[in-house]
Structures are given as C-alpha cells and as structure tokens.
Participant: 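Mind having a look at this structure? Questions to follow.
Just so it is clear, the values below take in all heavy atoms, side chains as well, and ignore hydrogens, waters and symmetry mates.
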Amino acid sequence: MSATVVLPRLKPLSARKGAILSVLDVGTSKIVCLVAQLQPWEGAEGLTNRTHLARILGIGHHRSTGLKAGAIVDLEAAETAIRHAVHAAERMAKVEIQSVIVNLTGGRIASQRLSSSVVARGTVGDAEIQRALRLATAGGVGQGRITLHSIPLAYTLDSQAGIADPTGMLGEKLSIDLHVVGAQAAAARNLMLAVQRCHLDVEAVVATPYAAGLSALSDDEAEMGVVVVDCGGGTTSVGVFEAGHLVHADALAVGGHHVTMDVARGLATKLSAAERLKTLHGACIASAADERDLIHVPTVDEDERALAAHLPKSHLVRIVRPRVEEILELVRDRLGDAGHGPRPGRRIVLTGGASQLAGLPETARRILEGPVRIGRPLGIKGLPEAAKGPAFTAAVGLLVYPQVAHAERFDTRGGQTGGAEGQGYISRVGRWLRESF
C-alpha cells in the first residue's frame, strides 16, 4: 500500500448555487445522519468564512454498535446501525440519500508539518505549486497510513512570507508550509466498507477534530488560536487552530465510555445503570453536599436479583474525577509534546457528548491552563432542540467542510494521489466495493 494515498477532493461548491448534502457522523456511542439544504449567503457576524447556510431537512441517529475507540471492529453491526440512522434521516427529509461525507475518529489520527522550496522562474502558477506539493509530500505519511487533509498554512515567495495564495505573483523561489493529517489506512478503508455496504458513496472522509472546529469556532477564535477537544464515547480528539487554519490534530483512544466502565466497576452495577448515573449525577468536582445527597444504585446479587442501594454522591464523584483528570492530562501532555503547550489567553473549546459532564469546564481550565467554554454548532438552521448541544457538533461540521475543502491542496499527478479526477486509491476501492456488494 502506497504511503502517499490521499482521499479524492470534493467537487467545488459553487458560492452562487444551493445544494442538498448528506453527512454521516460515525461515533463510538452514536451514529448521526443529517440531510441539509445549503443555501448561498454572505455569512453571519463571526462566520464570514462560510459561503452557505445549512438548513436541516432530516436527521436520524441510532446507538452505535460495532465500533471501539472510533474504529470498526464488527462490520455487520456497524452496517446495521448506519442503516438505521440513514433510513431515519431519509424518512424525515423525504429524499433518498446517494452519497455522504463521513468522519473518522479512530485510526490513530496524527499530524505532520512538511515544507519544501522550488524555483518559480517568473509568474507562479499551478505547476509550480504542484511541484512544491510533490516535493513536500515525497516522503509520504508513513507505511499503512492515508492522508485525510493536506492544508497549506502559508506560502513564501522569495523573502515575502505569509502569502495566502501565490498564484499569479512574480518571484524566483516558492516555499510551502504544509499541514498533513493522516490516519491508518485500514481504519479508513473499513469505515468506507461499512458505508458502501449500505449502498452509499463516500464523498470525503474528514478528521473528527477538524469537523468539530469547523462547526463550533467563530472566525476570531480560529484566527487568534484555540484548542478544540472533542470528548466522545470511545475517543478524545484534539484540534489546534491558529491563523484560521487547522495546525495540529490528534486523538486518544479513551473517552466517556471509559468513565462509564469505571462507574460500573466501582459501584458494582450494570453498564446501562452506570451510564445513567454518570449522566444524571456524575461530576468531576466535589461539593459540600455530596456526602448528604444519596443516589440510587441498582445492584445485582449472585442470584441475578435486582437490589436497591443508596450511596452518597461523593462515591460517584471519587470514581469519575480521577479518570476525567487522566484524560485531560493526556491531552495536555500530547499537546506539549507537539509544541502546542499552554499559551496565555488561548481558549479551550470542549465539544462532544462527554463534554456535558458537570464540572468538566472547571477541571479543563485548571489542567489545560486556559479559558474554557462548551462548543455548540454555530450557523445552522432547523436543528431540533435536542440536537443543538455539543454532542452534534462534529456532525454539523461535516456540513461546513465542503465550504472550506477547496483550500486543501494535493499532488494530483498519478493515480496514487486520487486527485480531482477521482482516479486515486480511494476511488478504486469505492468502485470495487460497489461492484462486489
């Protein structure tokens, strides 16, 4: 398998025309399908980079099965869950979904910063940019890995740095600073296989932290610098945005489900009861009333008879708090190792279903050392009230992605890179899946 494999780019989204778009958020705890109508607009205050307003036509969600740590481990179970979510969205929108944009959380998402320089010889055109891209990505993203995103952070032309797009400019030496987000090819391939088995085409695969940031961040936040922490059930993914670009992405195979497992073990109760206790009473900050407040904990004796127990809430807090702190400390350490440690004034935005745990913003503010807020979908119309929270941030971000995907640049020469013509590795896999199933 070639290390330079990348996903085919989306067809350009016309700023003057509307479109119907379907997306699929495949998570460890839930699967969400959205059908939306994208209408051209000039952008709202704080969201001027968006060319379209998304209005939800249909929404379907189903409990996720067949996934662990964001990756598919049971293909048939995952396919069934995807079908349920897609069919619910189709019924509500009264349309038949043909293709979707999906997100990838598992597969060891990681970033690389690449750079190169080429001789421009006068006016800079696409040929010079392609040569710079080809030289920068010559080493690939690693054996068995696939490129999800290839984002130019800046160009330098001779001594002029910070150029957004050098096309048409004059110069002799062109340099490019490139951010590449990669993942395990097997994880992406199995995700595509599950979707294709539902007779759906995959238009693009988007890294979850990128989608979450596109949905929850305002222009100013992305420009000044912000860390997006998407707290999912099986994973915690991280995206760092600076100067309006995604500059770092990472993912940890630990999330809200691990907190639930700790509660189930610590209180000797079933997983379903542990999830309910975590959601209703869980917190990662102790309070004076915790010793007085009693919670009902269903337990099971040796004869499998349900028994009732009442324990102080403090017992639950003492179980939840260490795991949450461990996850945030892992995020802090990984950010530090990547050169994105704490910076004065840099905001932390928490998204994902697990971000709703009581006391999490305060704990994150202490460990990650920055102002913290809960991120919710911005600039979206027609979402039901229950879907306006942080749990649906990544799904909405997939609707935003086609509006910014044109900024990504790939080496389009040769079949391996899967350029705009769609003749790359992913397209060939897609054709094989359609013909085989």
Side-chain angles (χ1 to χ4, degrees), residues 9-21 23 34 36-57 101 103 149-155 161-169 177-179 181 204 206-230 239-249 343 345-351 370-383 387-390 392-409:
R9 288 177 282 175
L10 288 169
K11 293 180 180 179
L13 185 64
S14 173
R16 298 181 179 180
K17 295 182 180 179
I20 301 294
L21 188 67
V23 300
L34 298 178
Q37 182 178 21
L38 269 60
Q39 302 170 326
W41 72 329
E42 296 180 356
E45 183 178 355
L47 298 174
T48 56
N49 289 330
R50 299 192 189 180
T51 59
H52 290 70
L53 173 66
R55 186 179 301 275
I56 300 298
L57 302 177
I101 298 173
N103 65 324
H149 304 287
S150 179
I151 306 171
L153 302 180
Y155 297 92
I163 297 174
D165 185 356
T167 303
M169 299 179 69
D177 183 14
L178 194 67
H179 174 215
V181 181
V206 183
T208 294
Y210 192 18
L214 292 175
S215 173
L217 299 182
S218 66
D219 295 345
D220 287 347
E221 286 178 320
E223 187 69 28
M224 293 187 298
V226 63
V227 176
V228 178
V229 182
D230 187 81
V240 180
F241 290 76
E242 291 178 359
H245 300 291
L246 176 72
V247 299
H248 179 70
R343 297 179 186 174
R346 187 179 65 182
R347 179 169 291 180
I348 314 296
V349 176
L350 304 178
T351 68
V372 176
R373 74 169 179 89
I374 299 294
R376 294 176 173 83
L378 302 176
I380 189 80
K381 299 291 185 181
L383 270 179
K388 292 182 178 179
F392 288 80
T393 302
V396 171
L398 296 176
L399 295 172
V400 180
Y401 177 72
Q403 305 173 49
V404 301
H406 62 85
E408 298 189 37
R409 301 297 296 263

Participant: Can you tell me how far CZ of Arg373 sits from CZ of Arg347, rounded to the nearest 0.5 angstrom?
Facilitator: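 Rounded to the nearest 0.5 Å, the CZ-CZ separation comes to 6.0 Å.
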
Participant: So do the side chains of Leu38 and Leu53 get within less than 4.5 Å of each other, counting heavy atoms only?
Facilitator: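 Not touching, per the 4.5 Å side-chain cut-off.
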
Participant: Can you list everything that forms a side chain to side chain contact (heavy atoms under 4.5 Å, CB included) with Ala212? Sequence neighbours excluded, please.
Facilitator: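 Testing Ala212 for side chain to side chain contact (heavy atoms under 4.5 Å, CB included), a comparison that skips the adjacent residues, returns Val228, Asp230, Thr351, Thr393.
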
Participant: For Arg50, enumerate each residue passing the side chain to side chain donor-acceptor pair (under 3.5 Å) test, keeping only those at least two apart in sequence or located in another chain.
Facilitator: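 With sequence neighbours excluded, Arg50 shows a side chain to side chain donor-acceptor pair (under 3.5 Å) to no residue whatsoever.
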
Participant: State, with a plain yes or no, whether a side-chain heavy atom of Val349 is found less than 4.5 Å away from one of Val227.
Facilitator: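 Contact flag for Val349/Val227 side chains = no.
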
Participant: Excluding sequence neighbours, so at least two apart, what forms ring-ring contact (aromatic ring centres under 6.0 Å, His included) with His245?
Facilitator: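 Checked His245 against ring-ring contact (aromatic ring centres under 6.0 Å, His included); zero matches.
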
Participant: Using every non-hydrogen atom in the two residues, find where Pro152 and Ser150 come nearest and quote the distance to one decimal.
Facilitator: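 Shortest heavy-atom contact: CD-O, 3.5 Å.
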
Participant: To the nearest 0.5 angstrom, please state how far the CD1 atom of Ile380 sits from the OG atom of Ser215.
Facilitator: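 OG of Ser215 is found 7.5 Å from CD1 of Ile380.
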
Participant: Which residue in the set Val23, Leu214, Leu34 passes side-chain contact (heavy atoms from CB on, under 4.5 Å) when paired with Leu398?
Facilitator: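 That would be Val23.
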
Participant: Please report the shortest heavy-atom distance between Ile348 and Val229, naming the atom on each side.
Facilitator: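 Minimum heavy-atom separation between Ile348 and Val229: CG2-CG2, 4.2 Å.
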
Participant: With sequence neighbours excluded, what pairs up with Lys381 under the salt bridge (charged side-chain N to carboxylate O under 4.0 Å, His left out) test?
Facilitator: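 Salt bridge (charged side-chain N to carboxylate O under 4.0 Å, His left out) list for Lys381, sorted by chain: empty.
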
Participant: Who pairs with Asn49 by side chain to side chain contact (heavy atoms under 4.5 Å, CB included), at least two apart in sequence or on another chain?
Facilitator: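 Result, side chain to side chain contact (heavy atoms under 4.5 Å, CB included) vs Asn49: Asp219.
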
Participant: Val247 versus Leu153: any side-chain heavy-atom pair under 4.5 Å?
Facilitator: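 Heavy-atom side-chain distance check passes, below 4.5 Å.
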
Participant: Indicate yes or no: at least one non-hydrogen side-chain atom of Val181 is less than 4.5 angstrom from one of Tyr210.
Facilitator: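 Side chain of Val181 against side chain of Tyr210, heavy atoms only: no contact under 4.5 Å found.
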
Participant: Tyr401: which residues meet the side chain to side chain donor-acceptor pair (under 3.5 Å) condition with it, sequence neighbours left out?
Facilitator: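 For Tyr401 the side chain to side chain donor-acceptor pair (under 3.5 Å) partners, ignoring immediate neighbours, are Glu408.
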
Participant: Looking only at non-hydrogen atoms, find the nearest pair between Leu21 and Pro402 and report the distance.
Facilitator: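 Closest approach of Leu21 to Pro402: CD2-CG, 3.6 Å.
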
Participant: Go through the structure and list residues passing side chain to side chain donor-acceptor pair (under 3.5 Å) with Asp165, not counting sequence neighbours.
Facilitator: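 Side chain to side chain donor-acceptor pair (under 3.5 Å) check on Asp165 returns Thr167.
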
Participant: With the side chain counted from C-beta on, respond yes when His149 and Val206 share a heavy-atom pair under 4.5 Å apart, and no when they do not.
Facilitator: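 Answer yes - side chains close enough.
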
Participant: Excluding sequence neighbours, so at least two apart, what forms salt bridge (charged side-chain N to carboxylate O under 4.0 Å, His left out) with Glu242?
Facilitator: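 Per chain and number, Glu242 pairs via salt bridge (charged side-chain N to carboxylate O under 4.0 Å, His left out) with Arg343.
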
Participant: Indicate the atoms forming the closest heavy-atom contact of His179 with Leu246, along with that distance.
Facilitator: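 Closest approach of His179 to Leu246: ND1-O, 2.6 Å.
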
Participant: With sequence neighbours excluded, what pairs up with Arg346 under the salt bridge (charged side-chain N to carboxylate O under 4.0 Å, His left out) test?
Facilitator: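 For Arg346 there are no salt bridge (charged side-chain N to carboxylate O under 4.0 Å, His left out) partners, ignoring immediate neighbours.
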
Participant: Partners of Asn103 by side chain to side chain donor-acceptor pair (under 3.5 Å), sequence neighbours excluded?
Facilitator: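 Expected list: Asp25, Thr208.
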
Participant: Quick check: does any side chain N or O of Gln403 sit under 3.5 Å from a backbone N or O of His52, one acting as donor and the other as acceptor?
Facilitator: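 The answer is yes, because a donor-acceptor pair under 3.5 Å joins these two groups.
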
Participant: For the residue pair Arg16 and Pro40, establish whether any side-chain heavy-atom pair is separated by less than 4.5 Å.
Facilitator: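 They are not in side-chain contact.
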
Participant: Which atom names give the shortest non-hydrogen contact between Ala387 and Pro377, and what distance separates them?
Facilitator: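 So the minimum-distance heavy-atom pair works out to O-CG, 4.5 Å.
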
Participant: Shortest non-hydrogen contact from Ser218 to Leu378?
Facilitator: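 Shortest heavy-atom contact: N-CD1, 4.1 Å.
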
